[in-house]
Amino acid sequence: MIRFGVGRFFSGLVTAWGVVTVTFFIVRLVPGDPASAMAPPTATPAQVDQIRNYLGLGDPLWVQYGTFLNHLVHLDLGTSIRTNQPVLSDLVDRFPATIELAVAAMLLEILIAIPIGTIAAVKRNRPFDHVARLGSLIGVGIPVFWMALMALWLFAYKLKVLPLGGQLDIGTTVDRHTGLVVVDALIDGRLDVAGSALQHLLLPAVILAIPSMAFWTRLMRGSMLEVLGTDHVRTARAKGLTSRRVVVRHGVRNALNPVITSLGLDLVALLSGVIFIENVFAWPGVGNYIFSSIQTRDYPVVQGSVILITLLYVTVNTIVDVIQAVLDPRIRPGLQGQPA
């Protein structure tokens, strides 16, 4: 098992290196010049060249790549061209806001998608099932960016029941303990600030959760249908157990296995999918930071953000693989086809 885990870990590192390398070259092929973006409008070509040389963008690509790897080995993600701050420091400052948004979206998925998927399976081919499947299809098909704009227009601009954006009302501050505004407000005992933070969090969290919620509903429904058709469930029904007890004890418990397996990967997917959501709702997280940096061709920030997301994905994927191998030895190398 240790060898299996170590192998997965090194395989993940190779994958991360490949993603980071591809990102390094792609961002430099995108049209635009960071030196020109940084220079004032009155800058002369010579001054722009000085800025370019200062940033190291005048060196050949292979030299820039070598410098980049050397800094990466020393955990140096570079300095932001736009903020002139270390990229790692900027990411650490903004990461809690993104975590707060992603975790809120995941909680909504768990509390809504799993019950809906379970009920849809129990009421198969009934009106509730049809509505659930149609809703999940719409949730997967509608672009998230468009949903965010429409939700902001309806609930914040027209109905005025939710804030336009940000984490808190203008002029409201909270002491930073964890970086999670709701948690920090509760730590300080400021319930009014916590309520305001939850109002600001609700709309972006719902919009971010909708695509995954639709996927989880379909996944839970399919898993439940498979479990409800197994012999042990039919035996439980034959013993006279109530329908509720059969569904909860024998159905949901076994149907949750594939859902639980995807929990970690879904959290990483949420973290990497917040770019547009944070931009629309002016959420001060990593996604907003990346979006602004892409516009200004801030290479170090784009590279550092990709590294962060890739390492998160590889780490979580490795952990999930090891957990699956522990639960089901048949997936370990050399054991395929043998009984567990």
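Hydrogens, waters and symmetry mates are skipped; everything else that's a heavy atom, side chains included, is used. Bear in mind the structure is a predicted one, so any value in this text is a computation, not a measurement.
- Taken to the nearest 0.5 Å, the CD1 atom of Ile277 stands 9.0 Å off from the CD1 atom of Ile210.
- The CD1 atom of Ile142 lies 11.0 Å from the CE atom of Met150; values are rounded to the nearest 0.5 Å.
- Contact record, Phe128 with Lys123: CB-CD, 4.2 Å, taken as the closest heavy-atom pair.
- Judged by distance alone, the side chain of Thr83 and the main-chain N or O of Ser80 form no donor-acceptor pair under 3.5 Å.
- The closest side-chain heavy-atom distance from Val301 to Ser305 is below 4.5 Å.
- Between atom CD1 of residue Ile116 and atom CZ of residue Arg218 there is a gap of 13.5 Å, rounded to the nearest 0.5 Å.
- In this structure, the separation between CG on Leu77 and CG on Leu91 is 6.5 Å, given to the nearest 0.5 Å.
- Between Arg176 atom CZ and Asp188 atom CG the span is 13.5 Å, to the nearest 0.5 Å.
- Residues Asn125 and Arg133 meet the side-chain proximity criterion, which asks for heavy atoms closer than 4.5 Å.
- Taking both residues in full, the closest heavy atoms of Trp17 and Tyr65 are given as NE1-OH, 3.1 Å, listed atom of the first, atom of the second, then distance.
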Listed pairs under 3.5 Å, donor-acceptor, residues 97-105 side chains, sequence neighbours left out:
| unit_1 | atom_1 | unit_2 | atom_2 | d |
| --- | --- | --- | --- | --- |
| Thr98 | OG1 | Glu278 | OE2 | 2.8 |
| Thr98 | OG1 | Val286 | N | 2.7 |
| Glu100 | OE1 | Gln167 | NE2 | 3.2 |
| Glu100 | OE1 | Val181 | N | 3.4 |
| Glu100 | OE2 | Val181 | N | 3.2 |
| Glu100 | OE2 | Val182 | N | 2.9 |

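- Residues Arg221 and Ala120 come closest through the heavy atom pair CD-CB, 4.1 Å.
- Residues Met220 and Thr118 meet the side-chain proximity criterion, which asks for heavy atoms closer than 4.5 Å.
- Within the 4.5 Å cutoff, side-chain heavy atoms of Leu191 are placed close to those of Leu186.
- The 12-atom threshold is not exceeded at CZ of Arg124, counting heavy atoms of other residues, nucleotides or ligands nearer than 6.0 Å.
- Hydrophobic clustering keeps Trp62 apart from Ile26 (ILVMFWY residues linked when any side-chain heavy atoms are closer than 4.5 Å, directly or through intermediates).
- Cluster annotation: Met147 is connected to Val161 through the hydrophobic network of ILVMFWY side chains, with a link wherever side-chain heavy atoms come within less than 4.5 Å.
- At a threshold of 4.0 Å, the pair Arg190-Asp184 does not count as salt-bridged, since none of the basic side-chain nitrogens sits closer than that to a carboxylate oxygen.
- In this structure, the side chains of Pro211 and Val144 come closer than 4.5 Å at one or more pairs of heavy atoms.
- Minimum heavy-atom separation, Ser196 to Leu168: OG-CD2, 4.3 Å.
- No side-chain heavy atom of Ser136 sits under 4.5 Å from any side-chain heavy atom of Val140.
- Atom CG of Leu108 and atom CH2 of Trp216 lie 11.0 Å apart (nearest 0.5 Å).
- Within 6.0 Å of CZ in Phe276 there are 12 or fewer heavy atoms belonging to other residues, nucleotides or ligands.
- Listed for the Ser293 side chain is a donor-acceptor partner under 3.5 Å among the backbone atoms of Tyr289.
- Side-chain polar atoms of Thr79 and Asn84 form no donor-acceptor pair below 3.5 angstrom.
- Across all non-hydrogen atoms, the minimal contact from Leu164 to Phe281 is O-CD2, 4.3 Å.
- Side-chain contact between Ser89 and Val92 is absent, with no heavy atoms from C-beta onward closer than 4.5 Å.
- Figure legend: cation-pi geometry between Lys158 and Phe155 absent, as NZ or CZ is not positioned both under 6.0 Å from the six-membered ring centre and within 45° of its axis.
- Taking the side chain as every heavy atom from C-beta outward, Ile187 and Asp175 never approach each other to under 4.5 Å.
- Gln64 and Phe24 get closest at one heavy-atom pair: C-CZ, 3.5 Å.
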